[in-house]
Number of protein chains: 2
Amino acid sequence: MKAEGTCKDCGRINEVLSRVGDRWSMLIIISLGTYNVLRFNELKRILGISQRMLSLTLRELERDGMVNRTYHPTIPPKVEYALTPLGESIRAPLRQIGDWALDNLPAIDAARARYDAQKELERESA
Amino acid sequence: MKAEGTCKDCGRINEVLSRVGDRWSMLIIISLGTYNVLRFNELKRILGISQRMLSLTLRELERDGMVNRTYHPTIPPKVEYALTPLGESIRAPLRQIGDWALDNLPAIDAARARYDAQKELERESA
DNA sequence: CGGAATCCTTCACGATACTG
DNA sequence: CAGTATCGTGAAGGATTCCG
């Protein structure tokens with residue numbers, strides 16, 4: 001039972017947001033946006049991601065049409081990854097969130113400090 | 001070992017993005033943005049979320065200063081949740097992603113269909 | 001009504017080893 | 001080099017029960 005009471009596309013939108021909000025997908029998109037083209041092990045080294053997760057995440061991104069995979073049948077083999085136009089197009093809204101995060105991290109940290117201090121007081125008075 | 005090779009704030013930004021990308025956090029923010037004020041069980045009913053996850057997620061959002069919790073010591077008790085200004089402020093960038101998702105869902109679906117069909121062909125030829 | 005505590009299952013993820 | 005396959009663990013999340 002899903003019960004998306006808000007709107008009927010919320011499920012799909014959330015699906016996309018989950019993909020974007022996913023740790024590795026986002027970092028891969030950012031990296032490819034920055035370097036344009038990267039090989040498998042370059043991404044692996046840059047992100048500090050396990051082979052397994054990199055392989056899985058890249059496959060998802062490729063399937064969703066966000067990333068282009070180019071296989072060069074040389075020896076040793078060489079595989080290059082780049083953003084598709086679709087992948088490029090998500091960078092702008094992604095940056096919006098990133099900018100918001102940067103702008104509001106201090107506020108979030110302050111809120112957390114307040115919250116934790118308050119809870120601490122409540123616990124002492126018990 | 002975290003190894004954020006991209007930028008030093010990437011860890012924190014990703015933290016925020018994970019919160020936003022999280023299924024329930026996002027849906028709660030959207031719901032509170034739509035209805036302004038909601039009680040615990042109203043949110044529960046609207047979202048089809050378990051008590052446990054709703055409680056945990058609301059606490060996180062409150063701690064981060066995104067959501068305001070108001071306790072009315074009546075009988076029976078009544079607790080109301082609403083967005084703080086900080087919570088309100090994330091709605092705009094969130095909408096950007098939502099709009100992107102809506103606009104590009106057909107492209108994503110098409111890409112998936114292409115990908116799956118291609119993989120199917122490859123498997124047949126084996 | 002609005003939670004907190006407990007239990008239990010699933011699975012996301014990393015580490016490791018193997019292959020073309 | 002660029003993966004796939006397998007295994008083990010911790011954490012996420014639902015169901016249930018109890019409490020102020």
Side-chain angles (χ1 to χ4, degrees), chain A residues 1-4 11 14-15 17-28 31-32 37-63 67-82 115 119 122-123 125-126, chain B residues 1-4 11 14-15 17-28 31-32 37-63 67-82 115 119 122-123 125-126:
Chain A
M1 198 254 289
K2 286 301 186 65
E4 307 294 346
N14 181 70
E15 182 189 326
L17 264 152
S18 297
R19 170 79 27 91
V20 171
D22 167 54
R23 170 177 183 75
W24 296 126
S25 297
M26 185 201 59
L27 292 177
I28 288 174
S31 296
L32 290 180
V37 177
L38 287 172
R39 301 178 58 174
F40 185 88
N41 277 336
E42 288 177 332
L43 272 169
K44 184 172 179 305
R45 192 166 46 250
I46 291 174
L47 300 180
I49 183 179
S50 67
Q51 283 184 346
R52 185 176 174 277
M53 285 314 294
L54 181 55
S55 179
L56 289 176
T57 310
L58 280 173
R59 194 186 306 155
E60 291 280 312
L61 288 174
E62 187 195 359
R63 185 170 109 97
V67 159
N68 212 324
R69 178 181 183 274
T70 310
Y71 175 72
H72 302 277
T74 56
I75 297 181
K78 174 177 177 179
V79 181
E80 293 182 318
Y81 292 91
Y115 184 92
K119 290 298 168 187
E122 290 174 13
R123 198 141 43 75
S125 73
Chain B
M1 196 253 291
K2 286 301 185 69
E4 307 293 346
N14 180 72
E15 180 190 326
L17 263 152
S18 297
R19 169 79 27 91
V20 171
D22 166 54
R23 170 177 182 74
W24 297 127
S25 297
M26 186 201 58
L27 292 178
I28 287 173
S31 296
L32 289 181
V37 177
L38 286 173
R39 300 178 61 173
F40 186 88
N41 277 337
E42 287 177 333
L43 272 168
K44 184 172 180 304
R45 191 169 42 251
I46 291 174
L47 301 179
I49 184 179
S50 68
Q51 283 183 347
R52 185 177 174 276
M53 286 314 295
L54 180 55
S55 180
L56 289 177
T57 309
L58 280 173
R59 195 187 306 156
E60 292 280 311
L61 289 174
E62 187 195 359
R63 184 170 111 96
V67 160
N68 211 324
R69 178 181 183 274
T70 309
Y71 174 73
H72 303 277
T74 56
I75 296 180
K78 174 177 177 178
V79 180
E80 293 183 318
Y81 292 91
Y115 184 92
K119 290 299 168 187
E122 290 174 13
R123 195 139 43 76
S125 73

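Numbered from 1 within each chain, the chains take letters A, B, ... in sequence-line order.
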Taking atom P of dA4(C) as reference, at what distance in whole Å does atom CD of Glu122(A) sit?
-> 11 Å
Is Glu62(A) salt-bridged to Arg59(A), going by a charged N under 4.0 Å from an acidic O?
-> no
Atom CG of Leu58(B) and atom P of dC1(C): how far apart are they, to the nearest Å?
-> 17 Å
Tell me, for nucleotides 5-20 of chain C in 5' to 3' order, what letter each nucleotide earns: B for a base near a protein heavy atom under 4.0 Å, S for only sugar-phosphate near one, - for neither?
-> -B------BBB-B--B
Rounded to the nearest angstrom, tell me the gap between atom CZ in Phe40(A) and atom C1' in dA2(D).
-> 6 Å
Side chain proximity check, Ile49(A) to Leu27(A), heavy atoms < 4.5 angstrom = no
Any side-chain heavy atom of Leu58(B) within less than 4.5 Å of one from Phe40(B)?
-> yes
Is there a side-chain polar atom (N or O) of Ser55(A) under 4.0 Å from OP1 or OP2 of dA2(D)?
-> no
Does the Ser55(B) side chain pair with the main chain of Gln51(B), one donor and one acceptor, at a distance under 3.5 Å?
-> no
Salt bridge between Glu60(A) and Arg63(A), side-chain N to carboxylate O under 4.0 Å?
-> no
Full working for side-chain contact (heavy atoms from CB on, under 4.5 Å) between Thr70(B) and Val37(B) | CA-CA 10 Å; Thr70(B) 309; Val37(B) 177; over 6 Å; no
Evaluate the side-chain contact (heavy atoms from CB on, under 4.5 Å) criterion for residues Tyr71(B) and Val79(B): first the C-alpha distance (whole Å), next the side-chain angles of each, then the deciding distance (0.1 Å), finally the verdict.
-> CA-CA 5 Å; Tyr71(B) 174 73; Val79(B) 180; 3.5 Å; yes
Test item: Arg19(B) and Leu61(B) side chains (from C-beta on) under 4.5 Å apart, heavy atoms = yes
When rounded to whole Å, the CZ to P distance for the pair Arg59(B) and dG2(C) reads 16 Å
Where DNA chain C forms runs of at least three Watson-Crick or G-U pairs (i with j, i+1 with j-1, under 3.5 Å), the stems are C:2-20 with D:1-19
Specify the separation, in whole Å, of atom CD of Glu62(A) and atom C1' of dA2(D).
-> 13 Å
Contact under 4.0 Å: Thr74(A) side-chain N or O vs dC1(D) OP1/OP2 = no
What is the distance, rounded to the nearest whole Å, between atom OH of Tyr71(B) and atom C1' of dC1(C)?
-> 9 Å
Between atom CG in Leu43(B) and atom P in dG2(C), what is the gap in whole Å?
-> 10 Å
Between Leu54(B) (CG) and dG2(C) (P), how many Å, whole number?
-> 10 Å
